[in-house]
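Working notes, beginning with the structure itself.
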Amino acid sequence: QAQVVESGGGLVQPGGSLTLPCAASGFSFSSYSMRWYRQAPGKERQVVAWIDPDGTSTSYADAVKGRFTNSRDNAKKTATLQKHNLKPEDTAVYYCNSGISDWGPGTQVTVSS
């Protein structure tokens with residue numbers, strides 16, 4: 001069963017940084033693009049970042065471009081979202097997904113002073 005588990009969330013002050021790992025299992029990780037999503041309270045889940053299967057190409061939503069960096073380690077079956085210069089509007093539950101995996105538990109990120 002294709003699964004992902006996100007971690008690394010927490011409370012951070014505006015301008016701070018966080019790194020979110022995503023551990024994958026149950027599928028051929030290196031064959032799939034990975035996407036990061038977020039869902040803020042009362043809003044729909046939206047894509048914020050994408051990385052291709054070999055990690056050579058990435059794309060980002062305009063709201064996070066220049067502040068978030070997407071990477072992956074296919075040998076470790078892990079995707080990582082590095083987040084810098086965090087803003088209160090980045091507060092959300094963050095998820096990763098391959099398109100074939102079940103949704104993971106997500107990890108809560110709260111940006112507040």
Side-chain angles (χ1 to χ4, degrees):
Q1 185 176 5
Q3 294 182 324
V4 292
V5 178
E6 307 87 353
S7 60
L11 174 64
V12 61
Q13 292 187 342
S17 299
L18 276 177
T19 296
L20 306 184
C22 165
S25 63
F27 64 100
S28 181
F29 181 74
S30 61
S31 298
Y32 291 88
S33 299
M34 294 296 294
R35 288 177 172 81
W36 284 92
Y37 300 77
R38 70 184 181 188
Q39 186 166 20
K43 296 188 177 181
E44 293 187 352
R45 193 172 298 179
Q46 57 180 199
V47 176
V48 295
W50 169 88
I51 187 167
D52 71 347
D54 61 9
T56 57
S57 183
T58 58
S59 66
Y60 302 91
D62 288 343
V64 307
K65 199 172 294 182
R67 300 187 297 118
F68 288 13
T69 302
N70 201 359
S71 62
R72 65 190 295 160
D73 184 332
N74 285 343
K76 295 182 179 180
K77 295 188 175 183
T78 301
T80 301
L81 186 67
Q82 293 180 304
K83 306 162 60 176
H84 303 288
N85 190 21
L86 284 161
K87 303 176 180 181
E89 52 264 42
D90 294 320
T91 294
V93 180
Y94 284 75
Y95 303 87
C96 62
N97 200 286
S98 65
I100 65 164
S101 50
D102 295 337
W103 287 104
T107 187
Q108 174 71 50
V109 173
T110 302
V111 184
S112 175
S113 56

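Fair warning: this is a prediction, and the values are worked out from it, not measured in the lab.
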Shortest non-hydrogen separation from S30 to P53 and the atoms involved: O-CB, 3.3 Å
Could I get the full list of salt bridge (Lys or Arg N to Asp or Glu O under 4.0 Å) partners for R35, not counting sequence neighbours? none
Apart from Y32 itself, which Ile, Leu, Val, Met, Phe, Trp or Tyr residues share its cluster (side-chain heavy atoms under 4.5 Å, direct or through members)? V4, F27, F29, M34, I51, I100
Residue pairs involving residues 23-54 (criterion disulfide (SG to SG under 2.5 Å); sequence neighbours excluded): none
Does the side chain of Q39 come within less than 4.5 Å of Y95's, by heavy atoms? yes
Pairs in or reaching into residues 35-91: which pass disulfide (SG to SG under 2.5 Å), with residues at least two apart or in two chains? none
Can you check whether N85's main-chain N or O pairs, donor with acceptor, with R67's side chain at less than 3.5 Å? yes
Could you name each residue pair satisfying side chain to side chain donor-acceptor pair (under 3.5 Å) that touches residues 104-113, not counting sequence neighbours? Q108-T110
ring-ring contact (aromatic ring centres under 6.0 Å, His included): which pairs involve residues 36-79, sequence neighbours left out? Y37-W103
Residue set satisfying side chain to side chain contact (heavy atoms under 4.5 Å, CB included) with D102, at least two apart, ordered chain then number -> Q1
Would you say N74's side chain and D54's backbone share a donor-acceptor pair under 3.5 angstrom? no
Tell me every residue that passes salt bridge (Lys or Arg N to Asp or Glu O under 4.0 Å) with R45, counting only those two or more places apart in sequence or in another chain. none
Determine, step by step, whether K87 and D90 satisfy the salt bridge (Lys or Arg N to Asp or Glu O under 4.0 Å) criterion, reporting the C-alpha distance in whole Å, the side-chain angles of both residues, the deciding distance to 0.1 Å, and the verdict. CA-CA 5 Å; K87 303 176 180 181; D90 294 320; over 6 Å; no
Within a strict 4.5 Å, meaning less than it, do heavy atoms of the K83 and L20 side chains meet? yes
Which atoms form the tightest heavy-atom contact between R38 and A92, and what is the distance? CB-CB, 3.8 Å
To the nearest 0.5 Å, what is the distance between OG1 (T58) and NZ (K65)? 10.0 Å
Got more than 12 heavy atoms from elsewhere within 6.0 Å of CD, E89? yes
Inter- and intrachain pairs under disulfide (SG to SG under 2.5 Å), touching residues 46-81, at least two apart: none
Give me each pair satisfying side chain to side chain donor-acceptor pair (under 3.5 Å) with a member in residues 13-23, each pair once, sequence neighbours excluded. S17-H84
For V12, the side chain to side chain contact (heavy atoms under 4.5 Å, CB included) test, sequence neighbours excluded, returns L18, L86, V111
Restricting to pairs with a member in residues 13-109, which pass disulfide (SG to SG under 2.5 Å), not counting sequence neighbours? C22-C96
